[in-house]
Colleague: 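I have a structure here, written as structure tokens, and I will follow up with some questions on it.
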Amino acid sequence: MLSARIVVKLCDTTIVDADKWNERANELLTQTKVIVPGRGNILAADGSILATNLNFYTARIDYRAEKFNEKLLRDTIEHLAARMAENFPVKNAEAWKKHLLKPLEKERAKRPRAYKLMSGLSHSDMELMRTFPFFSIKNRNRNGLTFEKYMRRFNPYGDMARRSIGGVGETTESKEIHGISGLEKALDSLLYGKIGYSKMINLTKKITDWTDVPAVPGSDIVTTIDINMQDIVESELNNVLDTCGADWGVAVLMDVKNGDIKAISNLERNPNGTGYIEARNRAVMGYEPGSVVKTLSMMIAVEDGIIDNLNEVLPTGKGWSYAGGRAITDSHYSTSIRVGEVLEQSSNIGMARIITRKYDENPGAFYSRVKKLGFLEPMNTGIAGEVPPRFDSVPSNRGGRIALSRMSYGYATEIPPLYTLAIYNAIANDGVFVRPRLVKQIKGTVDSVLPVGYMGDGRACSPRTASIVRKMLTDVVWGDHGTGRFLRNNTVRIAGKTGTCYMIENGAYNPSKKRLAFCGFFPAENPKYSCVVLTCHPTKNFFGAATTSGQVLRNIALKLYSRGMLDNSSDYRESSSSDASPTFYASIKGNLYEKVKTDFAIPSRRALKSPDKVSSGALPDVKGYGLRDALVTLEKAGYNVTYSGSGYVRSMSPSAGSNPPKGTRVHLVLAN
């Protein structure tokens, strides 16, 4: 009877229902599946990974597994909950115990088959969990433990330069993962790669999947970001914003010679808590710049011969009425001022008198002159939200003349901080007008090194003009009447310009709210880096452009010097070696994915010690700190720092509580 049934079934399948099964086979053989390519990495200038794809896991328990050992779970629950709380402190031991036993309150048939424990586990977290009591059972049917793998975009350095790097997400059209902001979006076509296709083929024993067109992985993008400098810029901006209670701030650090953006930070008050978080990329958004734009006007005036005698005296007084408009005033006026002191004393009247001298009869020509520089061109840095500057193109009339006078010293315009920085960088670079860039290399099937770009015809002014204006900007800090005198220090000489602008609310300027800017370069005698900082609405301690934004720039310069990043020794003492300068994070090269998976402390859940207030005179105790907090604490106290290992601070030399002199090198030993 069994043999007869086999013969009947064979005939039924091969003859009677043959057409149905052939149609089903044809459906499978004609199916085409999309193979999603691996997304490329975004790298720092030294190869360190800023964004990559990593596998993460979600832990689940099948409480209806065939041989689920409920008795053993109850017997070991105290030890299991303790281990979970120790290593995954999102819940305490009692909460984990309650969470793990809750499904057992239901009858077996109604218990969950995929009860979620937690998500976001790294591979090492998964392996660790498998060693816990009950979970260590090899037979999965007895403990029900399973792990779901998924791919996630991961930023090893957290929020560092997060807005510039950008993020990814699903598109509404295809549910594919593409860039939605920052470099992830601007360079998505390169990072995404090319999709592949597979189809089913009929082999001798089975129908199997066959790759027809292989997927091409996305290219790796090498940025200009320097991890060490990025951390310095973020830390110093955060410190000053916190000290002065500002609403938000932005800082950009750039290499003078090639326009490489070495660091960029955008911070704003945390709306859901204390402190500051990464914010909108205001470096490429337009704002009235205030007096920092006087440098652009002065450069044009010197280059075009509008002024040829720096000792010429301009009348100023309490105010100057021009073209029937409201009188132009200076915050600290005198009866007259030398042309060479206009930037030093930040004179609105002096700057307006100089520019209107040539463009009085044709205000629109000033706009044309600025445009001829290349200053209004798109930079195409890859930073999301980038907009070009706005200068009013005005006809020759009374309203145009008034707007001209205001534009000359920073009002009636909207200029992104990055454009302001580009002009100061050109002055520091002997007039060579390099284009700021955030990407320098594309690494794919064919590596491509992107050349240095230029704005306009590549030159903002002649070397002679650049030298004259550099001297003026140096006098802003070092001159007897300079508005930036607060920034003087003999370690790194700074040159630059302060800028203050009232904020517009309800269509009118609000004198109680200011945006404070400082843009400059250092060292003044041989510029290596240029920097712009913008601080919005400080509410305590510091209220001036030099003491807020300027202080950020000065602290950045001093920190770079202390770490040997200005072609100097890493210590203030000449006898120390620059080779010993500390590095915040290890560079990751070679097999990128494997190195990140094994070397990075992926979302560490260790409860680190929080920074304490530093007692005066004694070496602070930073044992138990994370590296970043330890560096900030010790450097605030006046010490230089080196370290070895990774993780949190295990020991330090000299020992905490001792009284070594300021400038002493403190070595930290780190351990996970």
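Side chains included, hydrogens not; waters and symmetry mates left out as well; all remaining heavy atoms used. For this chain, numbers begin at 1 and follow the sequence in order.
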Colleague: Side chains of S530 and N425: donor-acceptor distance under 3.5 Å anywhere?
Modeller: yes
Colleague: Does Y57 have any ring-ring contact (aromatic ring centres under 6.0 Å, His included) partners at least two apart in sequence or in another chain, and if so, which?
Modeller: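 For Y57 there are no ring-ring contact (aromatic ring centres under 6.0 Å, His included) partners, ignoring immediate neighbours.
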Colleague: Given 3.5 Å as the limit, does a donor-acceptor pair link the side chain of N239 with the main chain of S235, or not?
Modeller: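 Flag set: sc N239 to bb S235 pair under 3.5 Å.
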Colleague: Does either side chain, that of S122 or that of D125, offer a donor lying less than 3.5 Å from an acceptor on the other one?
Modeller: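 Looking only at side-chain atoms, D125 and S122 do form a donor-acceptor pair, the distance falling under 3.5 Å.
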Colleague: Between S653 and H667 (side chain of the first, backbone of the second, donor and acceptor by atom type, cut-off under 3.5 Å), is there such a pair?
Modeller: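 Here the side-chain-to-backbone pair does not exist.
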Colleague: Check for a donor-acceptor pair, side chain of D46 on one end and backbone N or O of S48 on the other, with a separation under 3.5 Å.
Modeller: yes
Colleague: Considering residues at least two apart in sequence or located in another chain, which fulfil the salt bridge (Lys or Arg N to Asp or Glu O under 4.0 Å) criterion with R153?
Modeller: E184
Colleague: Between Q551 and V240 (side chain of the first, backbone of the second, donor and acceptor by atom type, cut-off under 3.5 Å), is there such a pair?
Modeller: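 Not at all, since once roles are kept as given, no pair shorter than 3.5 Å links the two residues.
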Colleague: Judged by atom type as modelled, is there a donor-acceptor pair below 3.5 Å linking the side chain of R435 to the main-chain atoms of A422?
Modeller: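 Not a single qualifying donor-acceptor pair exists.
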Colleague: As a quick check of understanding, evaluate salt bridge (charged side-chain N to carboxylate O under 4.0 Å, His left out) for R437 and D255, giving each step before the final call.
Modeller: CA-CA 10 Å; R437 65 175 186 171; D255 189 299; over 6 Å; no
Colleague: For Q441 and L450, indicate whether the former's side chain and the latter's backbone hold a donor-acceptor pair under 3.5 Å.
Modeller: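 A pair under 3.5 Å: no.
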Colleague: Going by side chain to side chain donor-acceptor pair (under 3.5 Å), name the residues that satisfy it together with R60, two or more places apart in sequence or in a different chain.
Modeller: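 R60 satisfies side chain to side chain donor-acceptor pair (under 3.5 Å) with E148 once adjacent residues are dropped.
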Colleague: Give me the ring orientation class for F522 and Y529: parallel if the planes are under 30° apart, tilted from 30 to 60°, perpendicular past 60°.
Modeller: tilted
Colleague: Please work out whether the ring planes of W96 and H99 are parallel, tilted or perpendicular, with thresholds of 30° and 60°.
Modeller: perpendicular
Colleague: Between T642 (side chain) and R665 (backbone), is there a donor-acceptor pair under 3.5 Å?
Modeller: no
Colleague: How many angstroms lie between atom CD1 of I415 and atom CG of L421, to the nearest 0.5 angstrom?
Modeller: 12.5 Å
